[in-house]
Amino acid sequence: MKKSLKERLAILSDAAKYDASCASSGTVRRDSSASGGLGSTEGSGICHAYAPDGRCISLLKILLTNFCIYDCVYCINRSSSNVERARFTPEEVIWLTLEFYRRNYIEGLFLSSGIIRSSDHTMEEMVRIARELRTIHNFRGYIHLKSIPEASAHLIEEAGLYADRLSINIELPTDAGIGKFAPEKQPANIRRSMGNLRLKIEEMAEPTLQTKRRRKFAPAGQSTQMIVGADGACDATILGTSARLYGSYGLKRVYYSAFSPIPDSSKKLPLIKPPLMREHRLYQADWLYRFYGFDIEEITSGRDGGMLDLDLDPKLAWALSHRDRFPVDVNRADREMLLRVPGFGTKAVNGILSSRRFQKLRLDDLKRLNVSLRKVQPFVICDGWTPHRLVDRSDLRAMFQPKPEQLSLL
């Protein structure tokens, strides 16, 4: 018996939870209030995503289908899985997007899909959805398409004309892992597609000779997703792969997706616990690499097996391992060293650099910058405060470790 639209929506929205979504930051501003049409990429607000500036936005996050011809061991929707299957038509996805927007539930669409028939057939349907939303319904909200690397180049290029962001999944951190757990996918094809997409984005970003205007093509760039914990790769390997991806393909973001064993899996996969905390630490380390001037080797050196500390955030763990670099004088240190102080974010450092031009900073001034004094006090010197031997305490790590919790037996 054919499933209702509501039943299929429940199945395919749940199946999409394994795809990491992104916010609409980075795209061009479009607003229908002045020009007509429907939707906007700006403003606030049944997937909630957070932009780097803290805004919360809502996306309709679904799969076109969870049928798939591939049998990737780590994927819940692989061909050998016994999950309940469903499929939307392009018209249904378009209708859902427009209706959810009219009800003020969403401000954009995140669309991914299993591979049906062929990569080109699936990509054609996804492109059709984005094209008709833009050209027929004048939808001006955010659209993120999960591109299929094996699809023809012209399809991916067309997708960039209508989507704000495109992403091509790198799948696993090593070629060996992909060969073992997703043998039907070719790492070289994935990298080639990512490289072609970067070239197209850069090409379209150049102003034309006639109009001097830049053409709109995936204005929010491209991202990728990596499964963490399925192939046994250590954190140093994962972060090293991410660094190469950022450098080679100009990615806006690498998303880490913690692997959890699939109940009906017939193949044994290594699992490094706890997966969600590990995912969280990888995001923190990724942030240090991209915005705080840390090298990957700095973040992971000195750790057993190249794994991040699960009890402490990576910056604090680094500081405790390099106590000779502390305490830091907040009234004299340069920006690079201030960014390495645990508890100092980029906004706090900008505030410190701005404020100290006019006065010597005290602890109260740091508190007004929303800095956690408990976290920074062992690592800084400021007017009226010196940590004395606090940074050299043998139990300093224990001061920051999470307190043990009694587990419930019920």
Side-chain angles (χ1 to χ4, degrees), residues 18-22 52 72-75 167-182 185 187 190-191 194 223-249 251-262 268-323 325 339-343 345-346 375 397-398 400-402:
Y18 300 101
D19 283 286
S21 61
C22 70
C72 305
V73 177
Y74 51 80
C75 181
S167 56
I168 299 174
N169 286 356
I170 196 66
E171 305 293 345
L172 294 170
T174 66
D175 289 1
I178 296 175
K180 183 176 181 180
F181 298 117
K185 296 184 177 180
I190 297 173
R191 289 192 290 268
M194 293 172 72
S223 59
T224 193
Q225 181 173 344
M226 190 186 305
I227 307 298
V228 173
D231 63 349
C234 69
D235 293 339
T237 298
I238 292 168
L239 292 168
T241 298
S242 296
R244 290 191 293 274
L245 293 172
Y246 283 124
S248 299
Y249 306 111
L251 299 181
K252 295 298 183 181
R253 191 73 181 270
V254 175
Y255 288 92
Y256 305 98
S257 182
F259 170 77
S260 295
I262 300 167
K268 299 294 184 180
L269 295 174
L271 176 64
I272 301 173
K273 296 181 179 180
L276 291 179
M277 179 54 72
R278 185 186 183 199
E279 176 187 297
H280 178 58
R281 296 298 184 218
L282 284 167
Y283 275 119
Q284 291 177 318
D286 182 284
W287 206 257
L288 293 181
Y289 168 74
R290 293 164 61 207
F291 301 111
Y292 286 75
F294 282 80
D295 292 330
I296 297 300
E297 293 75 16
E298 287 184 284
I299 300 171
T300 57
S301 64
R303 296 293 307 164
D304 294 339
M307 301 299 290
L308 296 172
D309 194 323
L310 294 180
D311 291 332
L312 303 175
D313 72 73
K315 189 201 281 193
L316 179 56
W318 178 86
L320 291 173
S321 299
H322 296 81
R323 298 193 191 188
R325 307 282 294 274
L339 285 171
R340 291 173 177 256
V341 175
T346 54
K375 196 168 190 177
R397 176 186 171 88
F400 295 106
Q401 281 185 306

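Counting begins at 1 with the first residue of the sequence. The shown structure was predicted, so the numbers you read here are calculated from the model rather than taken from an experiment.
We find the CG-NE2 distance between L308 and H280 to be 11.0 Å, quoted to the nearest 0.5 Å. The CG atom of D231 sits 11.5 Å away from atom CD of E171, with the distance rounded to the nearest 0.5 Å. With rounding to the nearest 0.5 angstrom, the CG atom of N169 is 6.5 Å from the CG atom of D19. Here the straight-line distance linking atom CZ of F181 with atom CG of L172 works out to 8.0 Å at 0.5 Å rounding. How far CD of Q284 is from CD1 of I299: 10.5 Å, rounded to the nearest 0.5 Å. L282 CG to S257 OG: the interatomic distance, rounded to the nearest 0.5 Å, is 11.5 Å.
For D286 and R281, the salt-bridge test fails: no basic side-chain N is under 4.0 Å from an acidic carboxylate O. A salt bridge links R191 with D175; the closest basic N to acidic carboxylate O contact falls under 4.0 Å. A salt bridge links R278 with D235: the closest approach of a Lys/Arg side-chain nitrogen to an acidic carboxylate oxygen falls below 4.0 angstrom.
No donor-acceptor contact under 3.5 angstrom links the side chains of Y289 and D295, judged on distance only. At a cut-off of 3.5 Å, with distance as the only test, a side-chain donor of S242 or Y256 sits close to an acceptor on the other residue.
A donor-acceptor distance shorter than 3.5 angstrom exists from the side chain of K315 to the backbone of L339, with no hydrogens or angles considered. For T237 (side chain) and A233 (main-chain N/O), no donor-acceptor pair under 3.5 Å exists by modelled atom type. Side chain of H322 to main chain of W318: a donor-acceptor pair is present (N/O by atom type, distance under 3.5 Å, no hydrogens or angles). Between the side chain of Q225 and the backbone N or O of Y18, at least one donor-acceptor pair lies under 3.5 Å.
V254 and Y246 make their closest contact through N-OH, 3.0 Å (heavy atoms, listed as atom of the first residue, atom of the second, distance). Heavy atoms only, all atoms of each residue included: G293 and E298 are closest at O-OE1, 4.1 Å. Nearest heavy atoms, P314 versus A285: CG-N, 3.8 Å. Minimum interatomic distance between A258 and P275 (heavy atoms only, all atoms of both residues): CB-O, 3.4 Å. Between Q401 and D311, the shortest heavy-atom distance links the atoms NE2-OD2, 3.5 Å. Closest of all the heavy-atom pairs between G306 and C234 is O-CB, 4.0 Å.
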task: Carefully, step by step, assess I170 and M194 under the rule side chain to side chain contact (heavy atoms under 4.5 Å, CB included).
output: CA-CA 9 Å; I170 196 66; M194 293 172 72; 4.1 Å; yes
- request: Determine, step by step, whether T224 and S167 satisfy the side chain to side chain contact (heavy atoms under 4.5 Å, CB included) criterion, reporting the C-alpha distance in whole Å, the side-chain angles of both residues, the deciding distance to 0.1 Å, and the verdict.
  value: CA-CA 5 Å; T224 193; S167 56; 5.8 Å; no
task: Could you check T241 against I238 for side chain to side chain contact (heavy atoms under 4.5 Å, CB included), going step by step and ending with a plain yes or no?
output: CA-CA 5 Å; T241 298; I238 292 168; 5.9 Å; no
- request: Output, in order, the C-alpha distance, side-chain angles, deciding distance and verdict of side chain to side chain contact (heavy atoms under 4.5 Å, CB included) for I190 and I168.
  value: CA-CA 7 Å; I190 297 173; I168 299 174; 4.1 Å; yes
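Using a 4.5 Å heavy-atom threshold, the side chains of F259 and E279 count as separate. Between D313 and K375 the shortest side-chain heavy-atom distance falls below 4.5 Å. Considering only heavy atoms from C-beta on, P187 comes within 4.5 Å of I178 through its side chain.
Between W287 and F291, the ring planes are tilted. Angles from 30° to 60° get that label.
Judged by a 6.0 Å distance limit and a 45° cone about the ring axis, R397 is not positioned over the six-membered ring of F400. In this structure, R340 satisfies the cation-pi test against F294, with its NZ or CZ atom closer than 6.0 Å to the six-membered ring centre and inside 45 degrees of the ring normal.
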